[in-house]
2 protein chains.
Amino acid sequence: MSTTPAPGSGSAAAPPAASQREAQKARTRRALLDAALDLLEHQSLSSLGLREITRAVGVSPAAFYRHFRDVADLGVALVDEALDGLRIVIRAGLAERSTDEERIDHAVEAIADHVRAHPGHVRFLVRERHGGVAPVRRAIGAQLDRFAEEVAHVLAQDAESEGWSPEDLRMLAEIYVDHMVMTASSFLQAAQGEGPEEAAVARTARRQLRLVSLGRRHWTTAGERDG
Amino acid sequence: MSTTPAPGSGSAAAPPAASQREAQKARTRRALLDAALDLLEHQSLSSLGLREITRAVGVSPAAFYRHFRDVADLGVALVDEALDGLRIVIRAGLAERSTDEERIDHAVEAIADHVRAHPGHVRFLVRERHGGVAPVRRAIGAQLDRFAEEVAHVLAQDAESEGWSPEDLRMLAEIYVDHMVMTASSFLQAAQGEGPEEAAVARTARRQLRLVSLGRRHWTTAGERDG
DNA sequence: GGACTCAGTTAACAGTTGTGTGCTCAGCCG
DNA sequence: CGGCTGAGCACACAACTGTTAACTGAGTCC
């Protein structure tokens with residue numbers, strides 16, 4: 001049972017005048033979200049039943065409707081939660097470090113930490129990114145899109161990015177974001193004994209990022225054909 | 001309703017002495033697989049019901065057991081089908097073309113064609129790669145693993161790969177395989193009006209491959225730190 | 001302290017699900 | 001031809017699903 005707090009709740013999110021009443025409401029809401037996350041370890045959202053969730057929490061099925069319209073609605077709530085955490089971690093890291101080498105090491109380590117701290121949220125994200133529930137899939141897509149835009153913006157401020165078109169920066173950012181998701185997924189598998197161990201995953205991820213970073217350095221001197 | 005043949009059935013797969021009896025059996029088996037694929041357009045495997053499939057085909061629920069033990073079992077059958085097709089297409093293309101530019105253009109076009117020809121299979125693959133049904137997830141993982149190994153083997157025969165360790169070749173191959181899956185997924189979204197159009201997806205994919213290819217060319221002259 | 005709000009309850013609704021048993025009858029084989 | 005095999009059928013089973021309705025009672029507000 002995951003009793004870890006929601007990823008976003010680390011720094012911001014002040015308790016909004018909790019009048020014992022809405023405090024209790026918030027607690028069961030959290031319980032529903034957490035129970036859903038636990039159940040989603042072994043299935044995907046489109047097969048997760050409303051009753052299944054309420055049973056795990058210990059409330060009646062009807063109580064669910066006081067918090068969410070749908071299971072899909074709950075899913076969308078989970079998306080926001082899951083990606084807010086990741087964005088904060090990575091963006092802060094990227095902006096500060098100087099050399100490529102440092103940035104790569106830090107980013108990979110940050111991903112590993114995040115996966116260790118919030119495995120449920122990460123699994124949910126990776127699984128439902130292409131999953132069967134349209135609203136959730138769209139929500140994840142939109143969030144990752146926004147994320148890529150931010151990364152592109154950070155990259156634009158590097159000295160190396162001189163002469164890069166916005167389109168190419170965006171393309172590069174998408175490589176990074178996709179790679180991040182894949183790496184997170186690999187860490188997750190490592191954590192539960194499937195596939196290579198965590199150290200090997202980190203090593204491969206670093207090398208891949210280094211190769212991309214190498215391609216980036218030689219891009220403008222070579223590229224610019226193709227329409 | 002997809003009435004397209006299975007991806008693998010293009011070149012090999014001779015009809016194994018179809019005695020009208022097992023021919024009919026094979027036909028309903030196909031019907032079950034196709035119906036499942038259609039239904040999976042709007043949901044994921046872990047929520048796909050056995051009765052749902054048989055109802056779509058027009059046979060009784062009990063008939064299902066003559067062909068598959070489980071819905072998960074049917075899923076594994078779909079995995080083999082879906083990846084056999086892709087592997088043949090890509091591997092053939094990669095081995096023949098000479099310059100990077102040609103290979104990239106050809107690979108992206110081959111992916112686009114394959115997605116157009118077998119959207120259901122591709123969607124299934126992308127969706128269930130991280131999906132909630134363990135046997136299917138493992139089957140896809142194993143197949144993609146084998147795929148990456150083959151790509152690494154092809155890459156090893158390039159002149160550019162001199163001095164590359166098997167581990168680094170494998171790392172590079174994984175970039176390519178993951179990128180291929182992501183590209184296929186983007187084409188799929190494009191085909192149904194979500195996200196950028198097909199031409200834009202192809203353009204971005206080509207640029208990304210070009211950047212990776214650039215990193216590859218400068219790898220050995222720069223790399224080889226990190227343990 | 002009395003009216004009110006509203007998170008959570010109980011009970012019932014009509015469908016649905018996976019699985020088992022025994023049957024039928026077209027196709028195969030000697 | 002006659003016997004056998006086995007794909008598909010009809011039917012029944014208990015268990016489960018999402019959703020609605022009316023109700024309860026603790027917390028809030030004036």
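Here is the naming used below: chain letters follow the sequence lines, and residue numbers restart at 1 for every chain.
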*Asks:* Take the C1' atoms of the five end pairs on each side of the helix from dT19(C)-dA12(D) to dG30(C)-dC1(D), derive the two axes, and give their angle rounded to 10 degrees.
*Replies:* 10°

*Asks:* What integer distance in Å separates Y65(A):OH from dT17(D):C1'?
*Replies:* 10 Å

*Asks:* Hydrogens and angles aside, do E41(A) and Q192(A) bring a side-chain donor and acceptor to less than 3.5 Å of each other?
*Replies:* no

*Asks:* Between S60(B) and L48(A), name the one whose nearest nucleotide on DNA chain D is closer to the 5' end.
*Replies:* S60(B)

*Asks:* How many whole angstroms separate atom CG of L32(B) from atom P of dA7(D)?
*Replies:* 13 Å

*Asks:* Choosing from dG8(D), dG8(C), dG18(C), which nucleotide comes nearest the side chain of H67(B)?
*Replies:* dG8(D)

*Asks:* Would you mind reading off the distance between R51(A) atom CZ and dT10(C) atom P, rounded to a whole angstrom?
*Replies:* 12 Å

*Asks:* Output the single nucleotide from dT9(C), dT19(D), dA7(C) whose closest atom is nearest the side chain of K25(A).
*Replies:* dA7(C)

*Asks:* How many whole angstroms separate atom CZ of F64(B) from atom P of dG18(C)?
*Replies:* 9 Å

*Asks:* Can you see which heavy atom on A184(A) is nearest to which on V122(A), and at what distance?
*Replies:* CB-CG1, 3.9 Å

*Asks:* Can a donor-acceptor pair be found, under 3.5 Å and without considering hydrogens, that links the side chain of S185(A) to the backbone of V181(A)?
*Replies:* no

*Asks:* Any idea which of dT19(D), dT9(C), dT28(D) is nearest the Q20(A) side chain?
*Replies:* dT28(D)

*Asks:* Could you state the CZ-P distance from R55(A) to dT9(C), rounded to the nearest angstrom?
*Replies:* 14 Å

*Asks:* For the residue pair S47(A) and S47(B), confirm or rule out a side-chain donor-acceptor distance under 3.5 Å.
*Replies:* no

*Asks:* Among dT17(C), dA7(C), dC9(D), find the nucleotide with the atom closest to the side chain of E52(B).
*Replies:* dT17(C)

*Asks:* Check the phosphate of dA7(C) against T28(A), side-chain N and O only, distance under 4.0 Å to OP1 or OP2. Yes or no?
*Replies:* no

*Asks:* What integer distance in Å separates E22(A):CD from dC29(D):C1'?
*Replies:* 14 Å

*Asks:* Can you identify which nucleotide, out of dG8(D), dT9(C), dT17(D), has its nearest atom closest to the A63(A) side chain?
*Replies:* dT9(C)

*Asks:* Given dG8(D), dT9(C), dG18(C), which nucleotide is nearest the side-chain atoms of L50(B)?
*Replies:* dG18(C)

*Asks:* Answer with base, sugar-phosphate or nothing: what part of the nucleic acid does R29(A) contact at a heavy-atom distance below 4.0 Å?
*Replies:* nothing

*Asks:* Which part of the nucleic acid does R27(B) contact within heavy-atom distance under 4.0 Å: base, sugar-phosphate only, or nothing?
*Replies:* nothing

*Asks:* Counting only heavy atoms from other residues, nucleotides and ligands, does the tally under 6.0 Å from CD of E167(A) exceed 12?
*Replies:* yes

*Asks:* So which nucleotide from dT20(D), dG18(C), dG8(D) ends up closest to the side chain of Q24(B)?
*Replies:* dG8(D)

*Asks:* With salt bridge (Lys or Arg N to Asp or Glu O under 4.0 Å) as the test, pick out the partner of E109(B) among R103(B), R116(B), R206(B).
*Replies:* R116(B)

*Asks:* For the side chain of A62(A), starting at C-beta, report the closest nucleotide among dT10(C), dT21(C), dG18(D).
*Replies:* dT10(C)

*Asks:* Side chain of R66(A): nearest nucleotide among dA7(C), dG18(C), dG27(C)?
*Replies:* dA7(C)

*Asks:* Whole angstroms only, please: what is the CZ-P distance between F68(A) and dA7(C)?
*Replies:* 13 Å

*Asks:* Between Q43(A) (CD) and dC16(D) (C1'), how many Å, whole number?
*Replies:* 14 Å

*Asks:* Is R29(B) reaching over with its side chain to a backbone N or O of F68(B), donor-acceptor style, under 3.5 angstrom?
*Replies:* no

*Asks:* Under 3.5 Å, is there a donor on one side chain and an acceptor on the other for D84(B) and Q143(B)?
*Replies:* no

